[in-house]
Amino acid sequence: MKRYNVFITEDHQLFAEGLKSMLHDVDILQVVGSSTTGSGTYEALRTMIIDILLLDLNLPDTNGTEIIDFVKNNKMDTKILIVSMYYEKSFINLARKRGAHGYVPKNVGKKQLVDT
């Protein structure tokens, strides 16, 4: 069975740890790292094989949409799933327009996150 390498970019450490814990027992997913900053995410994207990037839009040193652009401009195969507290259609449409593959509000449960 193929396992997908997941990287988490989330500026709230507690939420990032919760995501890691939530995904720990999902057989097809392996969390290979996390970062609370965009700079840490750029470094991981350059040096690791990341199949799925769980990406917050608001980061202390960059905007999540700039990370989406980086992945697309470098023709990476990484799938990007936005995990955000913003539920407005404008944020969802912007993320999709930039190239995100999915968008999940932070108030969903484990099943919906894994299904997405």
Side-chain angles (χ1 to χ4, degrees):
M1 171 186 342
K2 176 161 174 54
R3 293 190 77 185
Y4 297 93
N5 290 339
V6 177
F7 191 87
I8 299 168
T9 301
E10 168 59 54
D11 64 330
H12 292 95
Q13 188 66 36
L14 182 63
F15 191 80
E17 291 295 326
L19 284 173
K20 281 189 224 176
S21 178
M22 184 185 295
L23 298 176
H24 178 74
D25 64 343
V26 179
D27 290 339
I28 64 168
L29 303 177
Q30 176 176 333
V31 177
V32 294
S34 67
S35 179
T36 58
T37 65
S39 58
T41 302
Y42 289 126
E43 181 63 24
L45 286 165
R46 286 184 196 101
T47 61
M48 301 173 76
I49 296 172
I50 300 171
D51 299 309
I52 301 169
L53 174 62
L54 299 182
L55 177 64
D56 190 7
L57 290 175
N58 282 332
L59 301 168
D61 60 344
T62 190
N63 185 297
T65 57
E66 293 174 7
I67 294 174
I68 297 170
D69 292 343
F70 177 83
V71 169
K72 296 302 171 190
N73 291 338
N74 288 284
K75 298 178 176 42
M76 297 176 170
D77 291 330
T78 303
K79 303 298 183 210
I80 302 169
L81 180 62
I82 301 298
V83 181
S84 179
M85 67 179 192
Y86 299 108
Y87 312 121
E88 294 85 15
K89 289 262 188 210
S90 61
F91 286 104
I92 297 168
N93 291 337
L94 174 63
R96 287 192 151 184
K97 182 178 179 181
R98 294 296 270 271
H101 298 90
Y103 195 104
V104 176
K106 285 186 176 178
N107 66 351
V108 301
K110 177 180 177 178
K111 181 177 178 356
Q112 187 173 351
L113 176 65
V114 172
D115 287 350
T116 302

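A continuous path of ILVMFWY side-chain contacts below 4.5 Å connects I52 to M1, so both sit in one hydrophobic cluster. One hydrophobic cluster, built from ILVMFWY side chains closer than 4.5 Å, holds both I68 and Y103. Put simply, L19 and M85 are part of two different groups of oily side chains (I, L, V, M, F, W, Y) that touch within less than 4.5 Å, one to the next. In the hydrophobic clustering of this structure, L45 groups with L55; members are Ile, Leu, Val, Met, Phe, Trp, Tyr whose side-chain heavy atoms approach within less than 4.5 Å, directly or through other members. Hydrophobic clustering of Ile, Leu, Val, Met, Phe, Trp and Tyr side chains at less than 4.5 Å, counting indirect connections, keeps M48 apart from Y4.
Between V83 and F15, the closest side-chain pair of non-hydrogen atoms falls below 4.5 Å. Taking the side chain as every heavy atom from C-beta outward, E10 and K106 approach each other to under 4.5 Å. No side-chain heavy atom of I80 sits less than 4.5 Å from a side-chain heavy atom of R98. Between L94 and L57, the closest side-chain pair of non-hydrogen atoms is not below 4.5 Å. Looking at heavy atoms from C-beta onward, L59 lies in side-chain contact with I67 at the 4.5 angstrom threshold. With a 4.5 Å cut-off on side-chain heavy atoms, I28 and V114 do not count as touching. By the 4.5 Å heavy-atom criterion applied to side chains, L113 and L23 are counted as neighbours.
Proximity of a side-chain donor or acceptor of S21 to a complementary backbone N or O of E17 within less than 3.5 Å is not detected. Not one N or O on the side chain of H101 forms a donor-acceptor pair closer than 3.5 Å with the backbone of L81. With hydrogens and angles disregarded, no donor-acceptor distance shorter than 3.5 Å links the side chain of N74 to the backbone of M76. D11 places no side-chain N or O within 3.5 Å of a backbone atom of P60 that could act as its donor or acceptor partner. With T78 contributing its side chain and L53 its backbone, the two residues share no donor-acceptor pair below 3.5 Å.
Put simply, CG on L29 and CG on L54 are 8.5 Å apart, with the number rounded to the nearest 0.5 Å. With values rounded to the nearest 0.5 angstrom, D51 atom CG is found 8.5 Å from D77 atom CG. Note that the CG atom of N63 and the CG atom of D69 stand 9.0 Å from one another [nearest 0.5 Å]. Note that OG1 of T65 and NZ of K97 are 11.5 Å apart. Values are rounded to the nearest 0.5 Å.
Among the candidates Y87, F91, Y86, the single residue satisfying the side-chain contact (heavy atoms from CB on, under 4.5 Å) test with P105 is Y87.
Under the salt bridge (Lys or Arg N to Asp or Glu O under 4.0 Å) criterion, D25 pairs with K110, not counting sequence neighbours.
Pairing each heavy atom of Q112 with each of V108, the nearest pair is OE1-CG1, 3.4 Å. Residues I82 and A95 share a closest heavy-atom pair of CG1-CB, 3.9 Å. Minimum interatomic distance between F7 and G40 (heavy atoms only, all atoms of both residues): CZ-O, 4.4 Å.
Atom NZ of K2 has more than 12 heavy atoms from other residues, nucleotides or ligands within 6.0 Å. Within a 6.0 Å radius of CZ in R3, more than 12 heavy atoms belonging to other residues, nucleotides or ligands are found.
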